Asker: 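Mind having a look at this structure? Questions to follow.
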Protein chains: 2
Amino acid sequence: MFVSTATNGIDAKGRVSVPAGFRSNVSGGPFDGIYVWPSFDGPWLEGGGQALMDDYLEMIEAMDPYDEARQALEQSIFGAARTLSFDANGRITLPKDLAEHAGLDGKATFVGLGRRFEIWNPDSHARRATSARAFAKENKLKLRRPSRMTEAG
Amino acid sequence: MFVSTATNGIDAKGRVSVPAGFRSNVSGGPFDGIYVWPSFDGPWLEGGGQALMDDYLEMIEAMDPYDEARQALEQSIFGAARTLSFDANGRITLPKDLAEHAGLDGKATFVGLGRRFEIWNPDSHARRATSARAFAKENKLKLRRPSRMTEAG
DNA sequence: TTGTTTCCCATGAAATCCCATGTTATCCCA
DNA sequence: TGGGATAACATGGGATTTCATGGGAAACAA
């Protein structure tokens with residue numbers, strides 16, 4: 001699972017080290033690298049390994065073929081995703097358009113979120129992390145096991 | 001299950017022995033170590049094994065993807081967690097920022113809480129334990145077995 | 001050619017591994 | 001049940017490896 005947050009430098013060639021913990025999490029797949037695409041929710045990137053893409057495929061294929069939402073998801077995820085493979089030192093080269101979408105300049109922050117991860121501009125991420133923590137605290141958020149008896153939505 | 005409380009020393013390298021009872025509780029997992037992250041509720045650390053994180057992931061993924069609470073929890077738990085693996089002697093190395101968050105300096109108190117545990121500054125923990133006991137006594141708290149029939153969330 | 005991408009090697013810092021040791025708890029046998 | 005033997009645990013320090021990063025050379029494309 002993808003956990004923790006790390007900020008690595010982007011060099012003049014657009015290369016950035018993927019955190020070691022993320023790399024070991026995708027090792028064993030059919031290709032040695034990750035999938036990355038622009039979030040359709042805001043200025044950051046989404047990413048994951050083969051397992052994530054398999055899951056997404058399965059979820060999308062469960063939808064009606066003529067569902068507009070299905071087509072939008074297919075286009076926004078599979079159509080937009082890139083396969084970025086690791087070099088010998090565990091780096092990927094970020095395509096310019098992806099770096100632009102996320103406003104990346106010199107540094108990139110990798111955020112593990114369990115099954116997937118995100119790549120952020122460090123400053124933007126710091127602001128978002130702060131507000132997320134504040135929200136969690138203010139609202140006394142607690143994880144609660146969904147009731148298996150009632151299963152009320 | 002994580003139970004009991006133990007205080008161990010933090011050496012110059014930031015290493016601290018995880019209580020043996022905690023270690024045996026997470027052995028057998030895919031990696032030999034624990035997950036630790038800063039509580040968003042106060043100056044202590046939260047921790048658990050793979051099973052806990054799997055549960056949390058399941059609970060979070062049951063929430064709506066655009067729920068602000070979900071994003072806050074994802075960020076504050078998975079984004080903030082570290083995988084700390086045991087060395088040959090059962091120690092972890094506490095990252096500086098985690099030690100700072102919990103005000104740890106030289107010693108750390110591990111508090112077993114069933115499915116998860118907390119790591120405290122020993123002095124802070126002593127104060128908190130005292131007030132917790134007082135609260136329990138004042139309020140005549142009683143443990144009550146939940147009804148298995150209703151299970152209302 | 002000219003710019004871009006991929007591969008390879010070098011390096012400093014940081015994390016991890018390995019060995020040694022005292023102390024405490026547990027076991028076993030009389 | 002006492003007491004010595006044994007194993008488990010917590011701790012300390014040096015050596016080794018991993019990791020992130022930089023730059024050059026070779027392969028490729030325009």
Side-chain angles (χ1 to χ4, degrees), chain A residues 2-28 31-34 36 47 82-100 104-112 117 119-122 125, chain B residues 2-37 45 47 81-100 104-112 117 119-122 125:
Chain A
F2 298 106
V3 294
S4 159
T5 297
T7 298
N8 288 337
I10 306 175
D11 69 16
K13 295 177 182 178
R15 295 179 303 187
V16 56
S17 280
V18 176
F22 287 27
R23 295 203 300 266
S24 59
N25 196 47
V26 299
S27 71
F31 86 106
D32 194 31
I34 53 179
V36 178
R82 314 286 177 80
T83 61
L84 305 180
S85 30
F86 303 140
D87 69 13
N89 295 330
R91 288 176 292 196
I92 56 174
T93 299
L94 275 177
K96 281 197 187 66
D97 58 328
L98 289 187
E100 262 177 40
L104 302 180
D105 177 35
K107 286 183 181 278
T109 299
F110 290 77
V111 187
F117 61 85
I119 305 177
W120 282 74
N121 171 294
H125 174 258
Chain B
F2 299 107
V3 291
S4 149
T5 296
T7 299
N8 287 336
I10 306 175
D11 69 16
K13 292 181 179 177
R15 295 179 302 188
V16 55
S17 279
V18 175
F22 286 28
R23 294 203 301 265
S24 59
N25 193 46
V26 299
S27 70
F31 92 104
D32 195 31
I34 53 178
Y35 293 88
V36 177
W37 65 97
L45 306 177
R82 312 290 178 81
T83 61
L84 305 180
S85 33
F86 302 139
D87 69 13
N89 298 329
R91 289 176 292 194
I92 57 174
T93 300
L94 276 176
K96 282 196 188 68
D97 57 327
L98 290 188
E100 261 176 41
L104 301 180
D105 177 35
K107 287 185 180 282
T109 298
F110 290 77
V111 187
F117 60 85
I119 304 176
W120 283 75
N121 171 297
H125 175 256

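Quick note: numbers below take in every heavy atom, side chains included, and nothing from hydrogens, waters or symmetry partners. All of these numbers come straight from a predicted model, not from anything done at the bench. Residue numbers begin at 1 in each chain, while the letters A, B, ... track the order of the sequences.
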Asker: What integer distance in Å separates A:I92:CD1 from C:dT5:C1'?
Answerer: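 Rounded to the whole Å, the gap is 15 Å.
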
Asker: Please round to the nearest 0.5 Å and tell me the distance separating atom CD1 of A:I10 and atom NZ of A:K107.
Answerer: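 It comes to 9.5 Å.
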
Asker: Evaluate the side-chain proximity of A:T7 to A:W120: yes if any heavy-atom separation is below 4.5 Å, no if none is.
Answerer: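 Counting from C-beta outward, A:W120 and A:T7 never come under 4.5 Å.
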
Asker: Is there a side-chain contact between A:I34 and A:F22 in this structure, where contact means two heavy atoms from C-beta onward sitting under 4.5 Å apart?
Answerer: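 Counting from C-beta outward, A:I34 and A:F22 never come under 4.5 Å.
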
Asker: Report for the helix from C:dG3-D:dC28 to C:dA30-D:dT1: angle between first-end and last-end helix axes, five pairs each, rounded to 10 degrees.
Answerer: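 If I round to tens, the end axes sit 40° apart.
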
Asker: Would a 4.5 Å heavy-atom cut-off, applied to side chains only, mark A:P95 and A:L84 as touching?
Answerer: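 Yes, side chains in contact.
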
Asker: Can you tell me the distance, in whole Å, between the CZ atom of B:F86 and the P atom of D:dA8?
Answerer: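 The distance from CZ of B:F86 to P of D:dA8 comes to 17 Å, rounded to the nearest Å.
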
Asker: I need a per-nucleotide contact map over nucleotides 14-30 of chain D, read 5' to 3'. Cutoff is protein heavy atoms under 4.0 Å; write B for the base, S for backbone only, - otherwise.
Answerer: B----SSBBBBB-----

Asker: Are the side chains of A:T5 and A:T109 in touch, meaning some heavy atoms are under 4.5 Å apart?
Answerer: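 A side-chain contact exists here, since the closest heavy-atom pair is under 4.5 Å.
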
Asker: Given that B:A88 and B:K96 both sit by DNA chain C, which one's nearest nucleotide is further toward the 5' end?
Answerer: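 First, find each residue's nearest nucleotide; the 5'-ward one identifies B:K96.
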
Asker: Given A:D97 and A:R82, is the salt bridge (charged side-chain N to carboxylate O under 4.0 Å, His left out) satisfied, shown in steps?
Answerer: CA-CA 11 Å; A:D97 58 328; A:R82 314 286 177 80; 2.3 Å; yes

Asker: Heavy-atom distance under 4.5 Å between the side chains of B:D11 and B:R91, does that happen here?
Answerer: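 Yes, close enough: below the 4.5 Å cut-off.
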
Asker: For a 4.5 angstrom cut-off between non-hydrogen side-chain atoms, does B:V18 reach B:V26?
Answerer: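 B:V18 vs B:V26: side chains apart.
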
